[in-house]
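See structure below.
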Amino acid sequence: MYTADEHQAWVHCILLSPVQVANNLMDMDQDPCKRLCFADGRRKVDYVLVYHYRKRSSVRGSPSQHRLSVISNGSYPLGVEGKDPEGGKDEPAEVVVDVGPPIPADGEKIMIREEFEGNLKDAGLEIERDKENKAHGHAFIRLHAPWQVLSREAEFLKIKVPTKKVRHSRLLHDEWARYGAFYKYQPVDLIRKYFGEKIGLYFAWLGVYTQLLIPASVVGIIVFFYGWATVETNIPSQEMCDEDQNFTMCPLCDRACDYWHLSTACGTARASHLFDNPATVFFAIFMSLWAVMFLEYWKRRQISLNYSWDLTGMEEEEVRSHTNTVTLRYSILTSPERGVEESGELGKDKWRQRLLSAMAAGNPTGHEKLTWRDRLPGYLINISSILFMFGVTCSAVFSVIIYRITISALMAMSPDPEVKSNVRVTVTATAVIINLVVILILDEIYGMVAAWLTELEIPKTETDFEERLILKAFLLKFMNAYAPIFYVAFFKGRYAIPGEYVYVFNDYRMEECAPGGCLIELCIQLSIIMLGKQLIQNNIFEIGIPKLKKLCRTLKDKERAPKEIVEQPGRRQQWHLDYDLEPFDGLTPEYMEMIIQFGFVSLFVASFPLAPLFALLNNVIEIRLDAKKFVTELRRPEAIRAKDIGIWYNILSGLGKFSVIINAFVISFTSDFIPRLVYQYMFSETGTMHGFINHTLSYFNVSNFKPGTVPSISSLGKDITFCRYKDYREPPWSSEPYQFSKQYWSILAARLGFVILFQNLVITMSMLVAWVIPDMPKNISEQLKKEKTLLVDVFLNEEKEKLQLIQSLFSRDLTQEQQEELNVSDQTSLPLHQTQPGPHPPTSSPAPRTRPRAASFSQFTRQMSMSPRSDITQHTAV
């Protein structure tokens, strides 16, 4: 039997709500049965099939013309009525409409559609068609599942069917899909009943994730306030703000930039301490353990839901065949008989059709099994396309770097001193905004590219298709979102050494980090990108894009509508309103938003302790926004059974492990935590942080600048001999000038040691946490043990009853045999005085005996022993 998803290229199935609140809220003053029932007003509409008819030009009555039967539902007389031969009921009239000569692909689709509808009728479903005589456009076919069919299928699937009408959608709208209900727990069981297990698991996972963000947010706020409370007593910040120390720094750019004093960066240094303090290390360790606890808690919650939703032992149900859909598309696209003038959904992407046709060379039919030679072009295109997209992302990051360098040089040449003083803030803010816009644009492009590349691979199953799509989309969007952050964290300012600057296009010098370090810039970059994606992409796009698509689809349908067909008066039916809603595209975009957010929370949390707080605030709104979207903005999706969240759990686990490495390197190489420790315990004469800033700055002789790079105009005077820059190198008067000093190697060894220690410590603690927290809750484990015990008892009782039955049959057979043998011996025995000692001569075989049952075990056991005890013992042993 065909299913609706096998024909998704031309058939859309809409699940309508049986109550007042469907996917879009209808007027409360109208009887829902008038809009959600058949023409008889009694049979409820459970499903709606939507077919797309394309307009064809043809001469009426031609032999090749295709004729479509449109059945009226009886509301409007068509002049012809038929009677049911059995019940005498009025049969809807049938009118033939000419839709033009079909191309072979359309004919194949129509044949499969008719077979699909026939199978639905054979299964017991009742069908009602549109009354309009449409030559092209949308045709709606209503389906009704009688109670007998539901009961039969429920008994077969061993599921419970409600015996009374429950207004699930109204409850979901009032108690869940409202922003005012943000403080309430989600009705997960009700979501599962209305939308299915797969969507229920998504909202359950989102609820667990949001709930566990609360302790992470609290700890992050404590870390932030600790930095704020200790900023006045932080000695390195005080030294940077001390104007008496008079650290003259080297120019930030060539020719246009002047020498400057370190005290002018006092604000940056104080802000950097808010996020770069000793509590940051503790918070990084805490968040690594938090990620493990989140995954373990979700496993427990998932097992609880599996038990309560009866999802155990359904691995085979999750794998839904994707082969027929792909093969059918494949054969349609590669059919040599396709019309050239074809239009519609399959004719839009001509280049992809040609590519699939090229891949099909040598494979005459789409129903043959594809070999690795057939799939090789798709795999090669996938790899090359993904690498190309990585190159596009890196090019976008590099373009923003060029923008930063160029704007910094232009603002430095400005005669306005106020402009010069705000160069770094202006350039950083505008560059991050440009990065955000580029990320949002490329995210949409990468989502379409991932779907296109997955189709080229022609996966075998629906699960395989979904996993490949998720993996590609995650790789592309992860690279897109985190490439600018990785650049600031690990590459920016690493090659900015006076006299050895790295130039781009031989004119633009690579930029340096802020005087307080790159961590504050990393914090700014992370916060703006994270908040921008959550505000714009996760909220505004989710509200605005569906409405915009709905408007475009409505305008397009009006343009395509034939002028000769006049719309029937009256209000539109509920299925027309539901069809105008945005179709459900799957849970991949919803999961992807949260996974990227999870990366922001876990990967670079050492640079932005407030990330869990902003994620929590976003998710509180996101839950209600998604709920409102599912209930009122989207067509009701098909209910799909699933026992877990699939490949997303593996991605979360991988991000959790990857975050340990990233946070270790951020603390070691991006922040000043390790240099401060090394200075305090190895190089400080007093054992305090006094003199730390002077220890981190190296000397450079201004006479060693390359020609053309010295500041053209200096406001600090011409008597400057040395300028300072942040690095650990030998001074100009050393025997090895500008080489790495011993302090550099000591700090490098400490950094690498900290990375190894941090990783091993966190991984060990994570394994301990995972071992301490059991995957299965204790109450469920005990309940499963009780059920297993009861099952074993039932099985033993059944076996005992079978054994007693067999024993009774054996004893009855033996008793009957002994009685028959006794009767035979009485008939054939001689008088007592005629008998002689010794063996009796063989007698003739007795007449055949009747058996009480066929194939009795006594036929086998009688040859061994005639003793009832022996027979029973032998059978028991067997």
Side-chain angles (χ1 to χ4, degrees), residues 3-15 23 47 50 191-192 194-206 209 317-326 329 345 443-478 537-538 541-543 545-546 549-550 553 578-579 581-598 622-623 625-652:
T3 56
D5 54 346
E6 294 178 16
H7 317 292
Q8 57 186 353
W10 56 86
V11 178
H12 297 278
C13 183
I14 306 175
L15 244 65
N23 284 355
Y47 299 89
V50 185
I191 297 171
R192 172 248 177 177
Y194 191 73
F195 291 108
E197 285 78 4
K198 191 170 186 179
I199 295 178
L201 283 174
Y202 163 71
F203 282 103
W205 173 84
L206 184 57
Y209 173 48
E317 296 181 14
E318 288 187 292
V319 182
R320 304 182 60 194
S321 177
H322 187 78
T323 308
N324 292 338
T325 303
V326 175
R329 290 182 182 177
E345 294 184 359
D443 263 355
E444 300 299 323
I445 297 175
Y446 287 165
M448 294 183 291
V449 170
W452 176 71
L453 293 177
T454 307
E455 289 183 359
L456 292 182
E457 293 183 358
I458 314 181
K460 296 181 180 180
T461 62
E462 185 70 26
T463 302
D464 193 15
F465 179 88
E466 185 178 1
E467 290 182 353
R468 295 188 186 193
L469 173 62
I470 291 171
L471 187 59
K472 291 182 183 63
F474 172 74
L475 290 177
L476 293 175
K477 294 188 176 184
F478 179 87
Q537 190 176 44
N538 297 5
F541 280 9
E542 287 193 6
I543 298 175
I545 288 183
K549 288 183 178 179
K550 179 182 177 180
R553 189 168 55 251
D578 282 349
Y579 185 76
L581 299 176
E582 184 68 15
F584 177 67
D585 294 330
L587 291 173
T588 299
E590 312 298 333
Y591 274 113
M592 190 66 68
E593 295 172 5
M594 295 296 104
I595 295 299
I596 297 297
Q597 183 198 88
F598 181 80
E622 179 74 17
I623 291 176
L625 179 63
D626 285 346
K628 189 175 183 62
K629 180 175 67 174
F630 272 85
V631 174
T632 63
E633 298 293 336
L634 296 178
R635 300 174 190 170
R636 184 178 175 186
E638 179 185 359
I640 300 176
R641 290 174 62 85
K643 64 181 302 183
D644 53 34
I645 60 176
I647 196 175
W648 295 112
Y649 182 85
N650 299 330
I651 294 176
L652 287 170

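Note: hydrogens, waters and symmetry copies are ignored here, and every other heavy atom, side chains too, is used.
- Nearest approach of Met592 to Ile470, heavy atoms of both residues: CE-O, 4.1 Å.
- Considering all non-hydrogen atoms of both residues, Gly200 and Ile191 come closest at CA-CG2, 4.0 Å.
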Does the side chain to side chain contact (heavy atoms under 4.5 Å, CB included) test come out yes or no for Leu587 and Trp648, once each step is laid out? CA-CA 11 Å; Leu587 291 173; Trp648 295 112; over 6 Å; no
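- Here the CD1-CG distance, from Ile445 to Leu476, works out to 11.5 Å after rounding to the nearest 0.5 Å.
- We find the CH2-CG distance between Trp452 and Leu469 to be 14.0 Å, quoted to the nearest 0.5 Å.
- Once rounded to the nearest 0.5 Å, the distance linking CZ of Phe598 with CD1 of Ile651 reads 11.5 Å.
- In terms of heavy-atom proximity, Phe203 sits nearest to Ile623 at CE2-O, 4.2 Å.
- With sequence neighbours excluded, the residues that form a ring pair (Phe, Tyr, Trp, His ring centres under 6.0 Å) with Phe584 are Phe630.
- Minimum interatomic distance between Pro459 and Asp464 (heavy atoms only, all atoms of both residues): CB-OD2, 3.9 Å.
- For the salt bridge (charged side-chain N to carboxylate O under 4.0 Å, His left out) condition, the pairs that include at least one residue of residues 584-598, sequence neighbours left out, are Glu590-Lys629.
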Quick one: do Gln597 and Glu622 satisfy side chain to side chain contact (heavy atoms under 4.5 Å, CB included)? Show the steps, please. CA-CA 12 Å; Gln597 183 198 88; Glu622 179 74 17; over 6 Å; no
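- One distance of note links CD of Glu467 with CG of Asn650; it measures 8.0 Å at 0.5 Å rounding.
- Of all heavy-atom pairs spanning Ala639 and Gly196, the tightest one is CB-CA, 3.8 Å.
- For the pair Trp205/Asp644, no side-chain contact is recorded, criterion being any heavy-atom separation below 4.5 Å from C-beta on.
- With values rounded to the nearest 0.5 angstrom, Leu201 atom CG is found 12.0 Å from Ile640 atom CD1.
- With sequence neighbours left out, Phe478 forms a ring pair (Phe, Tyr, Trp, His ring centres under 6.0 Å) with Phe474, Tyr482.
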Mind running side chain to side chain contact (heavy atoms under 4.5 Å, CB included) on Leu206 and Tyr591 for me, showing each step along the way? CA-CA 9 Å; Leu206 184 57; Tyr591 274 113; over 6 Å; no
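- Residues Lys472 and Tyr446 are not in side-chain contact: their nearest non-hydrogen atoms beyond the backbone lie 4.5 Å or more apart.
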